[in-house]
Peer 1: 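Dumping the structure here so I can ask a few things about it.
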Amino acid sequence: MIKTIIDKLLGKAPAAPRSRKPQFGKREDVPVAVHGIDPELVDRRAVDVVRTLKDAGYEAYIVGGAVRDLLLGLRPKDFDVATDATPEQVKNLFRRAFIIGKRFRIVHVVYGRGREHDVIEVSTFRAFLDNSQAKHVDGNERTSKAQLAHMQHAVDASGRVLRDNVWGPQDQDATRRDFTVNAMYYDPESQVVVDFHKGIQDAQKKVLRMIGDPATRYREDPVRIIRAVRFAAKLSPLGFKLEPKTAKPLIECEHLLSEVPQSRLFDEMLKLLQTGHALSSIAQLKKLGLEKGIYPLLDVVVERADHPFVTAALADTDRRVGEGKPVAPSFLLACVLWQDVKQGWEQRMHRGFHAFPALQEAIDEVFDQRIGDVSGRGKLAADMREIWVMQPRFDKRSGATPFGMVAQGRFRAGFDFMRLRADVGEVEESLANWWQEFQQADDARREDLVAQAREEQRLRQKSAAPAARRSPKKPVTGEDAAPAAAPRADTLDALLPEGDAAAKKRRRRRRKPTGAGGAAGAGEGGE
């Protein structure tokens, strides 16, 4: 204000008002000599997508977490591509490409078939829009579908972006991304990294920093809270830490997650637990004060993470991901909720229920209380139920049961579950070893193993049966003394020649009870 008064006194023209245009960062093209990305770590299918788009006259880059991992010398598991081509234009360039999503329309370019297929996700550069100018709707993505049907940019009452399908230039696309280390673009042909927000410097400093004001960005999309935890968990072994300004609003913005659809939170929970950093993610949740309130089922996982069985399941999941093996949410959640199922099952058995109905009813109760209404619950529930129902059947190693078990589609999951139970002492190690050998053996060896199990069971039953004991009788003397008790029939028969023994048995069968009372009482005659 003082400067304005002086300018007026001196007759100077007033200064032009400062522009409030968002700062989209300054583009920096970083050559391979500086960033050092190894082109051998780049997926050839992602290179093919970029090349196809560029040959058609469009800009195209590998983008996001893949660039971050390449900078760190890691081989990314997933590759995303960003381009100035619209979803329809991208789809027309590839034989197997599908437009998905309504909140953010993207294209999945598919390579391969069946379980071995790979997907390269292609997104169009989006504009950085002022949310105050967006259309406002009530509710969320699910409750406001009719309102959102024809909108390109919409937010809810809290400022959360519900629809963002307005295309824009690359610098704006970089600004609307979340963390600086996720906002870089890599051209595999020229090997240049395009950086607008000093992402390379943050990667070198090992800092996770939000682009723009963190609290505002969390309001735009509260799921970024979970993403912050996930990235911190993944990169903490490499020394990365959340910038204090980025971490500070996490707790105060956590309540915004209550407006996010349950199905989306469920998917984000699985990303926390099934991307190879489950134990680290739980440690980060506790460290950041977010161990409760994000999602009810995640609360249960964090609460039970120190239980030996759940710890073993989480560690096993991390190991499998690290080895490139597939993981299924049904298996991990079955491990987390087994405590509830087992407790409900035992309670019903104590009340007189039969074993199988008791188990089924306990499972139904757990589904209603813990899983809730999430996308794909039917398949998830079926797989979890099959794993649980299989557990008591592992005790039955006779007849055709073992052969039928190994033929089931979910046998391996059920066995791995039982193997973890053995590792923590819930079932005998010998049982897990028997099934391990049985599933790998040929038919002849399987028959031998069943016979062996049958014999072991017979010996256990025999040793467990209580030995018959007779109370000693008081000796009777004098006139009332009876002749010495005859030896047991089986002992006598063993002492007699074969023919005499047979005759003895026949004589005993023909013997009639004596006395006025008719037949002898149960404890009075015979042996």
Side-chain angles (χ1 to χ4, degrees), residues 21-32 34-37 41 59 61-74 76-83 104 121 123 125-131 161 164 168-188 191-250 253 268 271 275 277 284 288:
K21 180 180 178 180
Q23 297 298 313
F24 297 128
K26 181 180 179 182
R27 176 175 175 135
E28 183 180 359
D29 290 354
V30 183
V32 66
V34 176
H35 61 68
I37 288 177
L41 297 176
E59 286 187 85
Y61 302 87
I62 294 171
V63 69
V67 182
R68 177 200 65 223
D69 290 349
L70 289 169
L71 281 170
L72 298 173
L74 306 175
K77 288 184 171 61
D78 300 301
F79 283 82
D80 298 337
V81 171
T83 178
F104 301 116
E121 190 172 284
S123 61
F125 294 150
R126 287 180 173 82
F128 185 95
L129 301 175
D130 186 349
N131 290 334
V161 178
D164 181 9
Q170 186 182 12
D171 61 343
Q172 293 190 29
D173 184 76
T175 301
R176 59 168 296 283
R177 295 179 180 271
D178 46 21
F179 297 94
T180 59
V181 295
N182 293 339
M184 293 177 284
Y185 305 77
Y186 175 64
D187 182 346
Q191 298 189 43
V192 167
V193 170
V194 180
D195 185 7
F196 290 92
H197 296 281
K198 302 187 182 302
I200 287 182
Q201 288 91 324
D202 285 346
Q204 292 171 342
K205 294 176 184 176
K206 299 184 177 181
V207 172
L208 285 169
R209 179 168 59 89
M210 184 70 72
I211 298 172
D213 176 59
T216 301
R217 304 309 303 278
Y218 294 142
R219 281 195 297 272
E220 290 173 356
D221 185 4
V223 168
R224 286 180 177 140
I225 296 170
I226 306 176
R227 285 169 60 84
V229 174
R230 179 154 57 90
F231 292 139
K234 177 179 180 177
L235 299 174
S236 61
L238 300 176
F240 276 77
K241 294 183 179 180
L242 284 169
E243 180 203 32
K245 290 182 180 179
T246 298
K248 185 178 179 180
L250 287 172
C253 292
E268 290 296 328
K271 290 179 183 178
T275 52
H277 312 281
Q284 284 292 330
L288 296 169

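Reckoned from all heavy atoms, side chains included, excluding hydrogens, waters and symmetry mates. For reference, positions follow the sequence shown, starting with 1.
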Peer 1: Please walk me through it: do Q191 and I37 pass side chain to side chain contact (heavy atoms under 4.5 Å, CB included)?
Peer 2: CA-CA 8 Å; Q191 298 189 43; I37 288 177; over 6 Å; no
Peer 1: Once you round to the nearest 0.5 Å, how far does CE of M210 lie from CZ of R217?
Peer 2: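 CZ of R217 is found 6.5 Å from CE of M210.
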Peer 1: Determine whether Q170 and V194 satisfy the following criterion, side chain to side chain contact (heavy atoms under 4.5 Å, CB included), listing intermediate values before the conclusion.
Peer 2: CA-CA 10 Å; Q170 186 182 12; V194 180; 4.0 Å; yes
Peer 1: Apply the test side chain to side chain contact (heavy atoms under 4.5 Å, CB included) to residues Y218 and L250: give CA-CA distance (whole Å), side-chain angles for both, the deciding distance (0.1 Å), then the verdict.
Peer 2: CA-CA 8 Å; Y218 294 142; L250 287 172; 3.4 Å; yes
Peer 1: For the pair F231 and V181, evaluate side chain to side chain contact (heavy atoms under 4.5 Å, CB included) and give the outcome as yes or no after the intermediate values.
Peer 2: CA-CA 10 Å; F231 292 139; V181 295; over 6 Å; no
Peer 1: Within a strict 4.5 Å, meaning less than it, do heavy atoms of the L235 and R68 side chains meet?
Peer 2: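 They are in side-chain contact.
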Peer 1: Can you tell me how far the OG1 atom of T180 sits from the CG atom of D202, to the nearest 0.5 Å?
Peer 2: 3.5 Å
Peer 1: Between K245 (side chain) and P214 (backbone), is there a donor-acceptor pair under 3.5 Å?
Peer 2: no
Peer 1: Which pair of heavy atoms, one from A82 and one from F125, lies closest together, and at what distance?
Peer 2: CB-CE2, 3.6 Å
Peer 1: Side-chain contact, heavy-atom cut-off 4.5 Å: I62 with P188?
Peer 2: yes
Peer 1: Can you check whether D69 reaches K77 side chain to side chain, under 4.5 Å on heavy atoms?
Peer 2: no
Peer 1: Under 6.0 Å from the CG atom of D78, do we count more than 12 heavy atoms belonging to anything else shown?
Peer 2: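 At most 12 heavy atoms, drawn from other residues, nucleotides or ligands, come within 6.0 Å of this atom.
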Peer 1: Counting C-beta onward and ignoring hydrogens, is there a side-chain heavy-atom pair between E28 and I200 closer than 4.5 Å?
Peer 2: no
Peer 1: Is there any salt bridge (charged side-chain N to carboxylate O under 4.0 Å, His left out) pair reaching into residues 177-187, and which pairs are they, with sequence neighbours excluded?
Peer 2: K54-D187, D173-R177, D178-R227
Peer 1: May I ask you to decide if A66's main-chain N or O and Y186's side chain share a donor-acceptor pair within less than 3.5 Å?
Peer 2: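 Such a contact is absent between Y186 side chain and A66 backbone.
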Peer 1: When you compare the side chain of T246 with that of F179, does any pair of heavy atoms fall below 4.5 Å?
Peer 2: yes
Peer 1: Are any non-hydrogen side-chain atoms of L242 and L288 less than 4.5 angstrom apart?
Peer 2: yes
Peer 1: A233 and S236: which non-hydrogen atoms are nearest, and at how many Å?
Peer 2: O-OG, 3.2 Å
Peer 1: Starting at CZ of R209, measure out to CD of Q201 and round the result to the nearest 0.5 Å.
Peer 2: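 Taking CZ in R209 and CD in Q201, the distance rounds to 9.0 Å.
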Peer 1: Once rounded to the nearest 0.5 Å, what's the spacing between atom CG of L238 and atom NZ of K206?
Peer 2: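 Answer for the CG-NZ pair, L238 versus K206, is 6.5 Å.
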Peer 1: If I compare all heavy atoms of A183 with all of I211, which pair ends up nearest, and what's the gap?
Peer 2: CB-CD1, 3.7 Å
Peer 1: Nearest 0.5 Å, what's the CG-NZ distance between L208 and K241?
Peer 2: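 Going from CG on L208 over to NZ on K241, the span is 12.0 Å.
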Peer 1: What's the spacing between R126 CZ and T175 OG1 if we round to 0.5 Å?
Peer 2: 14.5 Å
Peer 1: Under 4.0 Å between a Lys/Arg side-chain N and an Asp/Glu carboxylate O for R176 and D221?
Peer 2: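 A salt bridge is absent here (no side-chain N lies under 4.0 Å from a carboxylate O).
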